Amino acid sequence: MSNITGITRGGVEYTPEFIMTLDQTKCIGCGRCFKTCPRDVFDLVDRDDLDLGDASDDDDWDDGDGFSDDTSMVMSLKDPMDCIGCQACIKVCPKACMTHQPQPR
Ligand code: SF4
Ligand code: SF4
């Protein structure tokens with residue numbers, strides 16, 4: 001079985017890898033993925049509603065780069081089926097929270 005592929009502007013075929021999981025126990029709610037994603041995949045939700053513990057126990061989450069340090073929120077997958085497989089989200093995530101896979105046709 002072949003996977004979904006795309007074509008670059010230059011005519012080169014590539015294989016998108018689509019978001020499969022987001023580990024909310026690692027997420028610090030920084031919002032980088034939300035701001036980077038070109039689609040409507042992510043949504044910030046209240047950590048207290050999910051019983052995930054406190055991500056602020058992690059000592060390297062605050063790197064002073066201007067993104068939110070409010071760990072009361074955590075990212076969720078609102079509509080993973082809207083993903084186009086660009087993988088921009090995992091490139092900006094400081095905690096490597098997501099996994100991606102090619103999608104069989
Ligand atoms: S792979 Fe791209 S489209 Fe899919 S969730 Fe990540 S940033 Fe959004
Ligand atoms: S970039 Fe990573 S740590 Fe930041 S909100 Fe998204 S999933 Fe959570």
Side-chain angles (χ1 to χ4, degrees):
M1 182 183 298
S2 62
N3 293 319
I4 292 173
T5 56
I7 304 282
T8 68
R9 185 180 176 190
V12 177
E13 187 173 274
Y14 69 96
T15 304
E17 294 196 20
F18 301 91
I19 195 160
M20 303 302 289
T21 64
L22 191 161
D23 185 348
Q24 292 178 314
T25 65
K26 291 162 65 177
C27 175
I28 57 172
C30 68
R32 286 173 176 82
C33 55
F34 182 89
K35 291 176 183 175
T36 303
C37 181
R39 306 295 294 183
D40 194 23
V41 174
F42 297 107
D43 196 20
L44 270 175
V45 296
D46 198 323
R47 180 175 294 275
D48 288 343
D49 293 342
L50 300 174
D51 191 26
L52 296 170
D54 184 0
S56 63
D57 290 345
D58 194 328
D59 59 6
D60 65 348
W61 57 273
D62 183 1
D63 58 4
D65 68 351
F67 284 90
S68 172
D69 295 334
D70 180 4
T71 56
S72 66
M73 303 298 280
V74 66
M75 199 57 69
S76 67
L77 291 177
K78 172 181 161 188
D79 186 4
M81 298 308 284
D82 198 39
C83 176
I84 58 172
C86 67
Q87 299 179 76
C89 49
I90 193 61
K91 289 183 177 142
V92 298
C93 179
K95 294 296 179 181
C97 295
M98 307 89 164
T99 61
H100 295 73
Q101 284 181 9
Q103 178 73 33
R105 290 182 191 274

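Since this is a predicted model, take the numbers as computed values, not measurements. Order of listing sets the numbers, starting from 1, for every ligand and every atom in it.
Within the 4.0 Å heavy-atom cutoff, I28 counts among the residues contacting ligand 2. Within the 4.0 Å heavy-atom cutoff, Q24 does not count among the residues contacting ligand 2. The shortest heavy-atom distance from T36 to ligand 1 is not under 4.0 Å.
Using modelled atom types, one side-chain atom of S76 and one backbone atom of D43 make a donor-acceptor pair closer than 3.5 Å. In terms of modelled atom types and a separation under 3.5 Å, the side chain of K95 and the main chain of I28 share no donor-acceptor contact. In this structure, the side chain of Q24 engages the main chain of M75 through a donor-acceptor pair within 3.5 Å. Between the side chain of D82 and the backbone N or O of R39, no donor-acceptor pair lies under 3.5 Å.
Put simply, C93 gets within reach of atom 2 (Fe) of ligand 2, with an N, O or S atom under 2.8 Å from it. In summary, C86 places no N/O/S atom under 2.8 Å from atom 8 (Fe) of ligand 1, failing the contact criterion.
Regarding atom 3 (S) of ligand 1, its nearest protein heavy-atom neighbour is I84 N, 3.4 Å. Counting only heavy atoms of the protein, atom 1 (S) of ligand 1 lies nearest to Q87 N, 3.0 Å. Protein heavy atom closest to atom 8 (Fe) of ligand 1, with residue, atom name and distance, is C37 SG, 2.3 Å. From the protein, the heavy atom lying nearest to atom 4 (Fe) of ligand 1 is C83 SG, 2.3 Å. Looking at atom 6 (Fe) of ligand 1, its nearest protein heavy atom turns out to be C89 SG, 2.3 Å.
Below 4.0 Å from some heavy atom of V41 lie the following atoms of ligand 1, by number and element: 5 (S). Heavy-atom contacts of M75 reach the following atoms of ligand 2: 5 (S) (cutoff under 4.0 Å). If you number the atoms of ligand 2 from 1 as listed, the ones under 4.0 Å from a heavy atom of M98 come out as 7 (S). Counting the atoms of ligand 2 from 1 in the order shown, those under 4.0 Å from a heavy atom of R32 are 1 (S). Below 4.0 Å from some heavy atom of F42 lie the following atoms of ligand 1, by number and element: 5 (S). Every atom of ligand 2 with a heavy atom of C33 under 4.0 Å away is listed here by number and element: 1 (S), 5 (S), 6 (Fe), 7 (S).
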